[in-house]
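What follows is one structure encoded as structure tokens, with my remarks underneath.
The model shown is predicted, which means the values in this text are computed figures rather than measured ones. In listed order, ligands and their atoms are each counted from 1.
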Amino acid sequence: MSLIKSRQEAIAAATQWRDPVPAPGVDASPARLEDIFGSDVFSERTMRERLPKDVYQRLMRTIKKGEKLDHELADIVASAMKDWATERGATHYTHWFQPLTGLTAEKHDSFITPDGAGGILTQFSGSALTQGEPDASSFPSGGVRSTFEARGYTAWDCTSPVFLNRSGANVTLCIPTAFVSWTGEALDTKTALLRSIEAVNTQAMRILRVFGTDAGVTRVITTLGPEQEYFLVDRNLYFARPDLMTCDRTLFGAKPPKGQQLEDHYFGSIPPRVLSFMTEVERELYRCGVPVKTRHNEVAPAQYEIAPVFESATVACDHQMLLMETLKRVAPRYGLQCILHEKPFAGINGSGKHNNWSMSTDTGQNLLDPREETHSNMQFLTYCVAVIRAVDLYADFLRAAVASAANDHRLGANEAPPAIISIFLGDMLSDIMDQLEKGLPRTTKKGGRLDLGATTLPALMRDSGDRNRTSPFAFTGNKFEFRAVGSSATSAWPMTVLNAIVAESMDYIAGQLERALGKNIGDPKKVQSAVVAVLGPIIKKHKRVIFNGDGYSEAWHKEAERRGLPNMKDTVEALTAIKSKKNVDVMVKYDILTRREMESRYHIFYEKYVKQVTIEAETMVTMARRQILPAVQMHQRRLAEAVAATQAADVDCEDQRSELESFVEKVCRLMKATDALDGLLEHHDADPAHHARFIRDKVKPSMSDLREIVDDLESLVADELWPIPTYRDILFIK
Ligand code: ADP
Ligand code: MG
């Protein structure tokens, strides 16, 4: 597609989109889901079929129980993997990893080895499978590594399945890996996630032992189901907007008369082009074993959502990355651009990624599911209180985990969850917590029994349905939903932080219970009173974080302040929490990140903020000078000519003259605002945290000034002169 320059050309091209019609004779009938799903995954079933029995069993022990993988075993597995991949057309393999850029990275190597006789063999060794060494000097390290020490290693994460990546004629075998520096420091999002899952496992198992319910359980895993929101816009219009192209969001744009007020898009029928796109995305994801389940229109025009069935958190995080990439990759085939930015359009809903999180035993018991018998209800309450305590103690850390320049437009902007971290529990569960604070809970609200049996759940859902949409962290029946995560963010980092703080909390509670019970650990008769004695004071201390009301309201901001809950309004403020002793300590204590690794993240996150906003500001200046100003001057000239001609005809035109004057004054303001912003971009500061402060306090207000005047001019300049597609064009041409 050629780069289209004018708005008119872009609109013309966008409105001409026709769904591709299958060529005559091509069978368009869809294949059965069962046949597609996982067909590009080197799955457990494939391994069972292709590996010698003892090799398969040993590999399973590595995957499920973390046993060490030896060289000989790796060679056999690699060879089977290569055969499977090459039979499907693969020529290359790659270690697929997630550096701290927030994206994925890959470096492809082919399977070929010259055979010395003019031909080739295909080969893939165990060591090529398990370890890679990309030159990693250009990935962010936040100072843990200098460029002359470029070594970085990738290590096979066998808990996440190997899959094929297809693109045109190319097929590549993708091996999910962790990425570390040669000193062993994590340079990616996965390593810390894996370590945090381990911490949850250790501490959650202790609580099971206290209750005597650990029989047959070898591990506790964390589960994750991320709901992804995104926008789709016509690619012609996208290319006519330098801001969308370089920043994934619009930096200018007057509000259209019709936005989302009519609420006619939400859950509405999916436009045909979009549905074709979604179908293809789903098919690609199914092939890679990503269990996507739900699709629908979201609140804003041109906004949609896709959500998978939850999986173990490591796999879910990998699948999340794959999902975002697939959305981006498939969209152009339908003449669309997928926008994952948290706030592509001012005045219209932004996009989030709701991270549904829970803990589950490897036997499949959801530990946050209250539908159990009485003694396990106590167990549920214990896990639930552990989460409440964690969120209260580490609210600032959770807030920091979702902080980004892009998410700043969302959090606290009266649409997304507020920047104040609180927990929604619902009336029923809050009431039980109130009772537990004072002693053994006797009733559930609405006359039920003490059991948090199945009967309470529909009631809980019914009560909560409406209001919990404003909560950043909501209990939704049998899981917590962390909604403050941004749509473009990786789930891995917020999940790492959540796992870490909940592990700490479970450690604390398990310790108290173990001490209280002594030899009676695991005795159901003794456990109940110990739990009540331990949890009561914890609830009393941390219940301030529970809030079931409207999180958008002014009253809540005041109330939250009264309760002493932190309200970190922007990224610059929020990221300070990455350095706080309490938060660093928790990561260090559970071997999730070292002090240096935390320090490096602190730098990387600030650096990213500075870079992102700087790119936006530079884009604004360029657009203002090279697109907006010329168009505006053209309009001004027309006005002036009209005045001159009218005057020449000796007709009174005082009104038009004053309109011209006021317009010229606005043009001057535009020029001044552009120069002012440009001037601020001269500022440099070697310390990213300092620089970020300057950006927030000086650059961002200057960006707002420029935007305000441009958006004002957009409503005055002749339609055919406006150089870039407007909100109406972008949001409503489907
Ligand atoms: P909604 O939030 O729209 O009501 P659902 O309740 O169906 O939607 O769930 C949303 C997401 O939560 C889905 O991805 C689902 O798989 C996931 N989910 C459900 N149970 C769990 C769980 N135990 N752990 C993690 N995620 C879960
Ligand atoms: Mg949800």
Side-chain angles (χ1 to χ4, degrees), residues 37 193 196-197 200-201 204 217 219-230 266-267 278 281-282 285-286 289-299 303-324 327 349 351-372 376 379-380 383-384 386-387 416-417 423-426 429 452 454 457-485 487 489 491-492 494-496 498-499 502 551:
F37 193 84
L193 176 69
S196 75
I197 289 169
V200 166
N201 171 39
V217 177
R219 283 186 69 79
V220 168
I221 60 162
T222 49
T223 52
L224 167 65
E227 302 163 61
Q228 173 77 47
E229 292 176 336
Y230 61 96
Y266 190 52
F267 278 22
M278 287 175 169
V281 165
E282 286 161 4
L285 290 170
Y286 287 152
V290 183
V292 282
K293 189 166 170 71
T294 309
R295 60 186 182 205
H296 62 81
N297 290 1
E298 255 302 327
V299 173
Q303 191 187 29
Y304 307 91
E305 180 179 305
I306 179 168
V309 178
F310 71 95
E311 300 177 274
S312 118
T314 58
V315 178
C317 283
D318 281 359
H319 281 170
Q320 228 294 304
M321 298 307 285
L322 205 53
L323 182 142
M324 290 196 286
L327 289 171
N349 258 40
S351 301
K353 175 162 10 221
H354 294 178
N355 280 233
N356 294 272
W357 171 95
S358 189
M359 297 177 281
S360 159
T361 63
D362 58 354
T363 50
Q365 187 201 355
N366 179 358
L367 297 176
L368 289 173
D369 188 341
R371 290 174 236 199
E372 290 292 333
S376 349
Q379 180 182 305
F380 158 75
Y383 285 113
C384 195
V387 175
I423 300 186
F424 171 89
L425 279 187
L429 204 48
L452 297 177
L457 275 178
L460 177 70
M461 300 301 275
R462 204 166 48 232
D463 262 352
S464 60
D466 227 22
R467 283 172 297 162
N468 74 17
R469 270 170 62 177
T470 66
S471 175
F473 200 94
F475 183 74
T476 47
N478 57 3
K479 62 191 186 284
F480 281 96
E481 186 170 340
F482 189 17
R483 300 188 177 125
V485 184
S487 51
S491 288
M495 289 300 102
T496 302
L498 182 58
N499 287 341
V502 173

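- The distance from ligand 1 to the heavy atoms of S358 drops below 4.0 Å at these ligand atoms: 22 (C), 23 (N), 24 (N).
- Remark: H354 NE2 to S491 OG distance equals 11.5 Å, nearest 0.5 Å.
- For the pair N366 and ligand 1, the shortest N or O to N or O distance falls below 3.5 Å.
- A distance-only check finds a donor-acceptor pair linking the side chain of N499 to the backbone of M495 [under 3.5 Å].
- Of the listed options K293, H296, R483, E227, E227 places a heavy atom closest to atom 2 (O) of ligand 1.
- Under the 4.5 Å side-chain criterion, counting only non-hydrogen atoms from C-beta, F310 is not in contact with N356.
- Ionic pairing of E229 and K353 is not present here: no N-O contact between side-chain nitrogen and carboxylate oxygen is shorter than 4.0 angstrom.
- Proximity to E481 (heavy-atom distance under 4.0 Å) selects the following atoms of ligand 1: 2 (O).
- Although no hydrogens or angles enter the test, the distance criterion places a donor-acceptor pair under 3.5 Å between the side chain of T361 and the main chain of Q365.
- Judged by distance alone, with hydrogens and angles left aside, the side-chain atoms of D362 form a donor-acceptor pair with the main-chain N or O of R219 at under 3.5 Å.
- Ranked by closest heavy atom to atom 9 (O) of ligand 1, the top entry among Q228, K479, H354 is K479.
- For the pair K293 (side chain) and A307 (backbone), a donor-acceptor distance under 3.5 Å is absent.
- Considering backbone and side-chain N/O atoms, F310 comes within less than 3.5 Å of an N/O atom of ligand 1.
- At least one heavy atom of V309 sits less than 4.0 Å from an atom of ligand 1.
- Proximity annotation for atom 13 (C) of ligand 1: of A307, P226, P308, P308 comes nearest, heavy atoms only.
- With ligand atoms numbered from 1 in the order given, ligand 1 contributes 22 (C), 23 (N), 24 (N), 25 (C) to contacts under 4.0 Å with heavy atoms of T223.
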